[in-house]
Amino acid sequence: MPNQVTTTDMRPVRLSINRQVIEVPAGTTILEAARRLGIRIPQMCGKAGVVANATCRVCLVEIEGDPQLRTSCNTEVQPGMRVATNSARVRSARRMNVALMLAGHAGDCATCDRSVFCELRSLAHEVGLKSTYFPPPELPPSPPDRSHPSLHREPDKCIRCGRCVKVCREVQGVEAIGSMFRGARIQVQAASPVGLAETACVGCGQCILACPVGALHEPYDYERIWDILHDPKKVVLVQISPSTQVTVGEEFGMSTGSAMGGRVVAAWRRLGARAVFSTTAAADLTTLEEAEELMTRVRAAEQLPLFSSCSPGWVKYAEHFVPEVLPLLSTCKSPQQMFGVLAKSWLADSMGVNPRDVVVV
């Protein structure tokens with residue numbers, strides 16, 4: 001039986017998974033069919049928006065009559081197929097594959113920012129891995145890449161699942177990172193030897209969301225902000241994006257969409273911020289500026305259509321991939337930048353403070 005079957009007959013396929021019978025359209029994978037039955041098959045190389053390519057070997061299943069275990073993410077169903085997702089062979093193979101992942105992973109779980117939400121840690125617990133089988137490979141440590149202002153890479157934590165590579169290439173269309181070398185030496189690297197800062201990376205953060213461990217994460221400015229808040233010479237002004245006011249509650253165990261605006265403002269004031277503002281006000285200014293610029297261009301019948309320039313990531317994407325639209329970008333600053341200008345000028349003057357002492361978080 002081949003690992004991947006191409007089915008031309010479009011009639012429903014009847015099969016059983018864990019002795020539960022189901023009919024699914026031809027071309028459905030075993031993984032998809034199992035999900036329709038509510039049967040969980042763990043996987044690591046696939047995620048929402050990213051098609052699995054059987055690199056992790058965690059979604060193995062046993063098919064009656066087949067001497068080999070098959071990856072359920074890319075094996076299509078066949079009529080009369082009998083599938084077992086948790087047989088002794090399957091459980092043993094999954095444990096072995098997860099143990100191999102752990103062997104190449106720098107597991108500083110106590111200090112890793114993903115320790116609570118680490119998918120590898122949860123997967124090891126799920127498959128019943130109680131001890132590590134293999135010593136780490138004798139490879140020189142890879143230095144972290146902290147060149148990019150929006151995201152940092154920790155190569156020694158990478159488990160080579162390929163999700164970040166696929167989301168960067170297939171979803172975002174950027175290809176700032178890719179897989180290099182083969183076998184035990186395979187690595188995910190930036191397209192530039194200097195680091196991510198010298199690639200087409202737009203800082204979208206989709207690779208961070210795709211990463212199951214702590215190999216990719218945002219830069220942390222906690223210590224810088226603490227130092228500023230405790231500097232008596234600094235006047236700290238905070239601007240809050242409207243989206244964070246309805247998402248930050250999840251980090252504190254509240255239900256999705258909980259309104260946290262008032263609590264966020266109160267928290268910042270207790271931390272020492274002089275004033276807290278919503279970026280919505282600056283967004284209104286951006287709208288007015290862009291509308292004025294659009295009217296000017298329409299009257300002149302040139303440089304149309306007008307594209308917003310509020311997102312630095314979008315501007316960088318345009319510079320690398322669609323430079324022909326650069327003359328069509330708005331000349332307006334982003335709402336965050338507009339607020340910074342107001343804070344350093346009108347607001348500093350109205351508060352009677354030196355603009356050099358004003359810090360915007």
Side-chain angles (χ1 to χ4, degrees), residues 1-104 118-130 133-134 159-167 169-171 179 182-183 186 209-213:
M1 181 184 299
N3 194 43
Q4 186 165 356
V5 180
T6 302
T7 307
T8 56
D9 190 348
M10 299 308 294
R11 290 177 297 179
V13 176
R14 187 180 180 87
L15 73 153
S16 71
I17 304 177
N18 294 352
R19 296 184 294 277
Q20 297 185 54
V21 179
I22 185 175
E23 283 192 354
V24 294
T28 303
T29 65
I30 295 176
L31 180 65
E32 293 168 343
R35 285 175 175 171
R36 296 190 183 192
L37 286 171
I39 297 173
R40 169 175 164 76
I41 299 177
Q43 63 171 161
M44 188 62 78
C45 62
K47 191 179 176 71
V50 177
V51 179
N53 58 3
T55 57
C56 69
R57 318 300 291 180
V58 174
C59 67
L60 292 172
V61 295
E62 185 171 8
I63 302 172
E64 187 177 286
D66 190 344
Q68 299 183 33
L69 299 179
R70 300 292 174 178
T71 48
S72 61
C73 66
N74 68 339
T75 302
E76 295 182 4
V77 297
Q78 295 185 48
M81 182 181 277
R82 295 175 181 271
V83 181
T85 67
N86 285 296
S87 66
R89 286 181 64 198
V90 168
R91 297 196 309 272
S92 176
R94 282 183 188 157
R95 272 194 299 271
M96 181 65 68
N97 290 334
V98 175
L100 288 169
M101 289 185 195
L102 285 170
C118 178
E119 292 183 42
L120 180 59
R121 188 173 180 177
S122 299
L123 183 60
H125 177 75
E126 180 178 351
V127 301
L129 189 63
K130 300 301 181 183
Y133 300 154
F134 309 102
I159 60 172
R160 289 88 175 168
C161 66
R163 283 178 6 186
C164 60
V165 174
K166 285 183 285 186
V167 75
R169 179 179 63 241
E170 299 172 10
V171 179
S179 297
R182 292 187 176 185
I186 190 170
L209 294 176
C211 182
V213 291

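Values in this document were obtained by computation on a predicted structure and should not be read as measured data.
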Check your understanding: Between M44 and I159, does a side-chain contact (heavy atoms from CB on, under 4.5 Å) hold up when you go through it step by step?
Key -> CA-CA 10 Å; M44 188 62 78; I159 60 172; 3.9 Å; yes
Any chance you could lay out the side-chain contact (heavy atoms from CB on, under 4.5 Å) test for C161 and M101, step after step, and finish with the verdict? CA-CA 9 Å; C161 66; M101 289 185 195; over 6 Å; no
Practice task
Report yes if the side chains of L120 and P212 come closer than 4.5 Å at any heavy-atom pair, otherwise no.
Solution key: no
Looking only at heavy atoms, the pair that brings A26 and V13 closest together is CA-CG2, 3.9 Å
Does N74 form a side-chain contact (heavy atoms from CB on, under 4.5 Å) with T29? I'd like the steps, not just the answer. CA-CA 6 Å; N74 68 339; T29 65; 5.7 Å; no
For C118 and V213, the nearest pair of non-hydrogen atoms, with its separation, is SG-CG1, 3.8 Å
Is the side chain of T75 donor-acceptor paired with the backbone N or O of T71 at a distance under 3.5 Å, no angle test?
yes
For R36, the side chain to side chain donor-acceptor pair (under 3.5 Å) test, sequence neighbours excluded, returns none
Nearest heavy-atom approach of T55 to C45 is OG1-CB, 3.2 Å
Full working for side-chain contact (heavy atoms from CB on, under 4.5 Å) between V24 and E32: CA-CA 9 Å; V24 294; E32 293 168 343; over 6 Å; no
Between the CD1 atom in I63 and the CD1 atom in I17, the distance rounded to the nearest 0.5 Å is 9.5 Å
May I ask you to check whether over 12 heavy atoms, not counting those of R169, lie within 6.0 Å of atom CZ? yes
Here the gap from N97 atom CG to L123 atom CG, rounded to the nearest 0.5 Å, amounts to 10.0 Å
When rounded to the nearest 0.5 Å, the distance separating OG1 of T28 from CD of E23 is 11.5 Å
Can a donor-acceptor pair be found, under 3.5 Å and without considering hydrogens, that links the side chain of R94 to the backbone of V58? yes
Interatomic distance, CG@L60 vs CD@Q68, rounded to 0.5 Å, equals 10.5 Å
The reported gap from CZ in R91 to OG1 in T85 (rounded to nearest 0.5 angstrom) is 10.0 Å
Between P25 and V77 the two heavy atoms that sit nearest each other are O-CG2, 4.3 Å
Closest heavy-atom pair, E62 versus S87, reported as atoms and distance to 0.1 Å, is OE1-OG, 2.5 Å
Between R14 (side chain only) and V21 (backbone N and O only), is there a donor and an acceptor less than 3.5 Å apart? no
So CZ of R121 and CG of L129: to nearest 0.5 Å the spacing works out to 13.0 Å
| Judged by modelled atom types alone, do N86 and R40 share a side-chain donor-acceptor pair under 3.5 Å? | no
Minimal heavy-atom distance between L69 and A93, with the atoms involved, is CD1-CB, 3.6 Å
Could you tell me whether the side chain of S72 and the main chain of I30 form a donor-acceptor pair under 3.5 Å? no
